[in-house]
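One structure is given here, and the rest of the page talks about it.
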Amino acid sequence: MIATTQKPFDEIIGALEGYEKIAVIGCNGCAKVCMTGGDEQVAELAGRLRDQGKEVVLEATPDRTCYVDNTHATLDPNLEQLKQADAVIVMGCGGAVQITRKVTEDYGLIVPVKTALDSVGHMDTLVSGELALEQCQECGECILNETGGICPVTKCPKGLLNGPCGGSENGKCEVNPERDCAWVMIYNRMSALGELDKLKRFMAPKDYGKMAKPRTLNIKERKVS
Ligand code: SF4
Ligand code: SF4
């Protein structure tokens, strides 16, 4: 999931300065899991905006706002309310915000689309409802097959590809001793799989050109460019 945190309310109000009629759009996907943009948080933000004297003309929460079809499915029946808005605030990841902007453009609306959240990475829930841990940086050249399904690009703060640095101690990372060293985790996993010999292979430097943004995925042709 794309993990998000809520911006401070002062920043949200600042982004909406000069706009009085507001549509609040959430996301019942990742942002719901992060408790930053599900139905509950949309209602809460709408209430706080009303307390500040704003008129909330629409509250809506697509299932996954980063899916253009989902966002259309939720907003199409609410188009008349959306048209009244002089600003839209989205409680979703950066993708959700930009898809919402695209959908407003599809309707021919010229309306500012703002974000209420900060996107902080591709994470998965470690402890349900409490803690999410970054798992993948979408490097475009996945090496999980060689590392026992544990990503050193993401989980080692130095992104080391061929074993631990000299600072690993008692299985912990020198950068954050509360975390396990990614390479100790990889070693233990490969050991459990009986595949330690595979760690002797040299891992060539990654082609970070494959991380150059923005990337495009042609879904039909399965090609990234
Ligand atoms: S190697 Fe790259 S694609 Fe694979 S999990 Fe790590 S960052 Fe993601
Ligand atoms: S201690 Fe392990 S995880 Fe931490 S920086 Fe060194 S190799 Fe990477």
Side-chain angles (χ1 to χ4, degrees), residues 1-5 27 29-37 63-68 70 92-99 115 117-225:
M1 75 176 176
I2 306 299
T4 45
T5 57
C27 170
C30 307
K32 179 182 179 182
V33 177
C34 292
M35 295 189 283
T36 51
D63 264 352
R64 278 182 175 74
T65 310
C66 60
Y67 286 25
V68 69
N70 287 4
C93 69
V97 176
Q98 292 179 72
I99 290 300
T115 182
L117 306 186
D118 291 315
S119 300
V120 294
H122 185 157
M123 301 195 184
D124 287 299
T125 45
L126 197 60
V127 181
S128 182
E130 286 184 23
L131 202 57
L133 181 67
E134 189 164 18
Q135 303 287 346
C136 173
Q137 294 182 56
E138 298 97 12
C139 72
E141 204 176 56
C142 193
I143 57 170
L144 288 176
N145 289 346
E146 281 74 51
T147 56
I150 295 165
C151 174
V153 177
T154 307
K155 293 191 175 163
C156 166
K158 297 175 187 173
L160 298 179
L161 299 182
N162 287 289
C165 68
S168 175
E169 205 174 313
N170 298 324
K172 296 295 179 185
C173 173
E174 72 164 350
V175 176
N176 180 350
E178 289 185 2
R179 290 216 177 120
D180 293 331
C181 166
W183 273 101
V184 171
M185 289 164 62
I186 291 168
Y187 181 92
N188 289 340
R189 175 77 177 154
M190 295 298 269
S191 175
L193 293 170
E195 296 183 354
L196 274 180
D197 54 313
K198 293 188 179 167
L199 286 182
K200 290 180 184 159
R201 278 195 312 232
F202 174 71
M203 197 108 60
K206 295 181 72 60
D207 177 3
Y208 284 100
K210 291 184 177 169
M211 289 181 85
K213 310 277 177 65
R215 288 175 285 189
T216 306
L217 171 65
N218 185 320
I219 294 174
K220 281 187 188 146
E221 293 179 14
R222 302 179 186 186
K223 263 175 67 179
V224 178
S225 56

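When a ligand or atom number is given, it counts from 1 through the structure's own listing order.
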Please could you name the atoms of ligand 2 that [X] approaches to less than 4.0 Å, counting only its heavy atoms?
| X | value |
| --- | --- |
| Cys156 | 3 (S), 5 (S), 7 (S), 8 (Fe) |
| Ala182 | 3 (S) |
| Glu174 | 1 (S), 4 (Fe) |
| Pro164 | 7 (S) |
| Lys158 | 5 (S) |
| Cys165 | 1 (S), 5 (S), 6 (Fe), 7 (S) |
| Ser168 | 1 (S) |
| Pro157 | 3 (S), 4 (Fe), 5 (S), 8 (Fe) |

Side chains of [X] and [Y] in contact at under 4.5 Å (non-hydrogen atoms):
| X | Y | result |
| --- | --- | --- |
| Arg179 | Met185 | no |
| Tyr67 | Ile99 | no |
| Thr147 | Met203 | yes |

| request: Report yes or no: does Trp183 contribute a side-chain atom to a donor-acceptor pair with the main-chain N or O of Leu160 at less than 3.5 Å? | output: yes

| request: Without swapping roles, check the side chain of Thr115 against the backbone of Val97 for a donor-acceptor pair under 3.5 Å. | output: no

| query | Can you name the closest pair of heavy atoms from Gln135 and Lys155 and give their distance? | reply | OE1-NZ, 2.8 Å

| said: Which residue in the set Cys136, Cys93, Cys30 passes side-chain contact (heavy atoms from CB on, under 4.5 Å) when paired with His122? | reply: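 Among Cys136, Cys93, Cys30, the one meeting side-chain contact (heavy atoms from CB on, under 4.5 Å) with His122 is Cys136.
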
| What atoms of ligand 1 come within less than 4.0 Å of a heavy atom belonging to Thr154? |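 Near Thr154, the atoms of ligand 1 are 7 (S).
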
| request: With heavy atoms of Cys151 as the reference, note each atom of ligand 1 found under 4.0 Å away. | output: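 That gives atoms 1 (S), 5 (S), 6 (Fe), 7 (S) of ligand 1.
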
In terms of residue, atom name and distance, what is the protein heavy atom nearest to [atom]?
| atom | result |
| --- | --- |
| atom 2 (Fe) of ligand 1 | Cys139 SG, 2.3 Å |
| atom 4 (Fe) of ligand 2 | Cys173 SG, 2.3 Å |
| atom 7 (S) of ligand 1 | Gln137 N, 3.2 Å |
| atom 8 (Fe) of ligand 1 | Cys136 SG, 2.4 Å |

| said: Can you tell me which portion of Ile143 lies within the under-4.0 Å heavy-atom range of ligand 1? Options are side chain, backbone, both, or neither. | reply: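 Looking at Ile143 and ligand 1, atoms from backbone and side chain both fall under 4.0 Å.
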
| Asn176, CG atom: more than 12 neighbouring heavy atoms under 6.0 Å | yes

| query | Which is it for Lys213 and Glu138 under the salt bridge (Lys or Arg N to Asp or Glu O under 4.0 Å) test, yes or no, and what are the steps along the way? | reply | CA-CA 11 Å; Lys213 310 277 177 65; Glu138 298 97 12; 5.5 Å; no

| Short N/O/S contact of Cys181 with atom 2 (Fe) of ligand 2 (below 2.8 Å) |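 Yes, since at least one N, O or S atom of Cys181 sits under 2.8 Å from atom 2 (Fe) of ligand 2.
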
| field | Pairwise distance CD(Glu195) to CD(Glu146) - rounded to 0.5 angstrom | value | 10.5 Å

